[in-house]
Number of protein chains: 2
Amino acid sequence: MVAMQTHYLKIGQLAARAGISVESLRYYESEGLISANCRSENGYRLYSDESIQKLGFILHAKKIGFSLKEIKRLLGLRLNRDQHTCEEVKDYTGAKIREIEQKIADLVKMKSALVSLHEACCGGNETADNCSILQTLEAPFTFEKIESGDS
Amino acid sequence: MVAMQTHYLKIGQLAARAGISVESLRYYESEGLISANCRSENGYRLYSDESIQKLGFILHAKKIGFSLKEIKRLLGLRLNRDQHTCEEVKDYTGAKIREIEQKIADLVKMKSALVSLHEACCGGNETADNCSILQTLEAPFTFEKIESGDS
DNA sequence: ATAAACCCTGAAGCTTACTATAGGGTCAAG
DNA sequence: CTTGACCCTATAGTAAGCTTCAGGGTTTAT
């Protein structure tokens, strides 16, 4: 079933509807993610239902953590579905899930280190001369232990 | 007790000991985090025990998630302990903890969205024409629901 | 008819934490 | 005495995802 194109949206209208800025939309275009279906006589971008749907896809993917570069690849899969397998698509989400898990694990580590610091501190109104937080950040630090910290 | 300064380190030595690059060290200096205690006759940076300790503080704080800008503030607290309270320091870590918690929560949301997508997909060898992942990213999307997603 | 609110392009600027490059001085070994 | 490993400064480039600016047309309301 082919839906009839009721009317086109101008960039400002689409941006408002999507809750993003006009500039972002143009930026997405410059990055090859989405372009207007056509232009009006005066050169204004005109977006059809199809573009609106595509923008939905983009924002949805963005929301669940894909970068614009990755979304561009996803859009390629989307467009040429028949040339790709479900496996391929699933591998993509799988990799992303592992990536996110890694980020979470890193943050959880940071958080627990911070929480121990935080809880050891009296938080009192006296001067920080003997503040345990500062002391811990300071003191028992050997450089060797640090290197492996960053991803 | 005042420790005697045994000898100074040159920038390459300190960098090697800390497991960071010489350029990073100079960058930290340019950002006002740490500078050499003095210079040798030929202009080489010379770092004393005090600087080494300070760098330890910096890397430690970095490891638990503080940005360089934040570390600069922490160094201010550290230096003028007597003009600040434990409360102040503790507030700082508290805020950072909440920030990290927020990031974790966002990532967890992303992950669970991704996992439902991922699990719904057959992952089979057939073409992605009916791939549930692509369909879900595509279809039931209304712009209104998106806006509140980003921090 | 004129001002506000749109639209266009192209280029530069922002943030963070560096890395790299250009151009040049210093120092120890062979 | 030259090669290589250091050190210095200053400037530019990187990634990501925009935002802002400069300079200029268009459309809509008053």
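Note that the coordinates shown come from a computational prediction; the quantities given were computed from them, not determined experimentally. Chain A is the first sequence line, chain B the second, and so forth, proteins listed ahead of strands; every chain is numbered from 1. Side chains are part of it too, since the values below use all heavy atoms of this structure and drop only hydrogens, waters and symmetry mates.
Proximity note for K62(B) (side chain, C-beta onward) versus dA17(C), dT19(C), dC18(D): the nearest is dA17(C).
Checked against side-chain hydrogen bond (donor to acceptor under 3.5 Å, both in side chains), S132(B) has no partners two or more places apart in sequence or in another chain. For E119(A), there are no side-chain hydrogen bond (donor to acceptor under 3.5 Å, both in side chains) partners two or more places apart in sequence or in a different chain. Judged as a side chain to side chain contact (heavy atoms under 4.5 Å, CB included), and not counting sequence neighbours, S116(B) has no contacts. Every side-chain hydrogen bond (donor to acceptor under 3.5 Å, both in side chains) that E29(A) has, sequence neighbours left out, goes to R45(A). D82(B) meets the side-chain hydrogen bond (donor to acceptor under 3.5 Å, both in side chains) test with no other residue; sequence neighbours excluded. S67(B) is linked by a side chain to side chain contact (heavy atoms under 4.5 Å, CB included) to K69(B), E70(B), counting only residues two or more places apart in sequence or in another chain. Considering only residues two or more places apart in sequence or on other chains, L68(B) meets the side chain to side chain contact (heavy atoms under 4.5 Å, CB included) condition with Y27(B), Y28(B), L33(B), K62(B), I71(B). Listed by chain and residue number, F66(A), K90(A), L114(B), H118(B), I133(B) satisfy the side chain to side chain contact (heavy atoms under 4.5 Å, CB included) test with T93(A) (two or more places apart in sequence, or in another chain).
Counting to the nearest Å, the P atom of dC8(C) and the CD atom of E41(A) are 15 Å from each other. As rounded to whole Å, 14 Å separates atom C1' of dT19(C) from atom CD of E31(B). When rounded to the nearest whole Å, the span between OH of Y8(B) and P of dC6(D) equals 23 Å. Between K103(A) atom NZ and dA16(D) atom P there is a gap of 11 Å when expressed in whole angstrom units.
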Q: Please report the C-alpha distance between K96(A) and E99(A) in whole Å, then the side-chain angles of each, then the deciding distance to 0.1 Å, and finally whether the salt bridge (Lys or Arg N to Asp or Glu O under 4.0 Å) criterion is met.
A: CA-CA 5 Å; K96(A) 197 71 201 175; E99(A) 202 180 290; 2.8 Å; yes

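At a threshold of 4.5 Å between non-hydrogen side-chain atoms, the residues Q135(B) and N130(B) count as touching. Side-chain contact between E88(A) and Q83(A) is absent, with no heavy atoms from C-beta onward closer than 4.5 Å. Within the 4.5 Å cutoff, the side chain of Y8(A) has heavy atoms near those of the C38(A) side chain.
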Protein N or O to nucleotides 2-4 of chain C N or O, pairs below 3.5 Å:
none

Short heteroatom pairs, N/O only, protein and nucleotides 9-12 of chain D, under 3.5 Å:
residue: dT9(D); atom: OP1; partner: R39(B); partner atom: NH1; Å: 3.3
residue: dT9(D); atom: OP1; partner: R39(B); partner atom: NH2; Å: 3.2
residue: dT9(D); atom: OP2; partner: R45(B); partner atom: NH1; Å: 3.0
residue: dT9(D); atom: OP2; partner: R45(B); partner atom: NH2; Å: 2.6

Q.
I'd like to compare against my own output: the B/S/- annotation of nucleotides 20-27 of chain D with a strict under-4.0 Å heavy-atom distance to protein.
A. B----BSS

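For residues 65-75 of chain B, proximity to DNA chain C is found at S67(B), L68(B), K69(B), defined as any non-hydrogen atom under 4.0 angstrom from a strand atom.
Remark: S24(B) is in phosphate contact with dT19(C), judged by side-chain N or O atoms under 4.0 Å from OP1 or OP2. At dT16(C), none of the side-chain N or O atoms of Y27(B) fall inside 4.0 Å of OP1 or OP2 (strictly under the cut-off).
Between the side chains of D106(A) and Q102(A), a donor-acceptor pair is found at a separation under 3.5 Å.
S40(A) comes within 4.0 angstrom of nothing in the nucleic acid, heavy atoms only.
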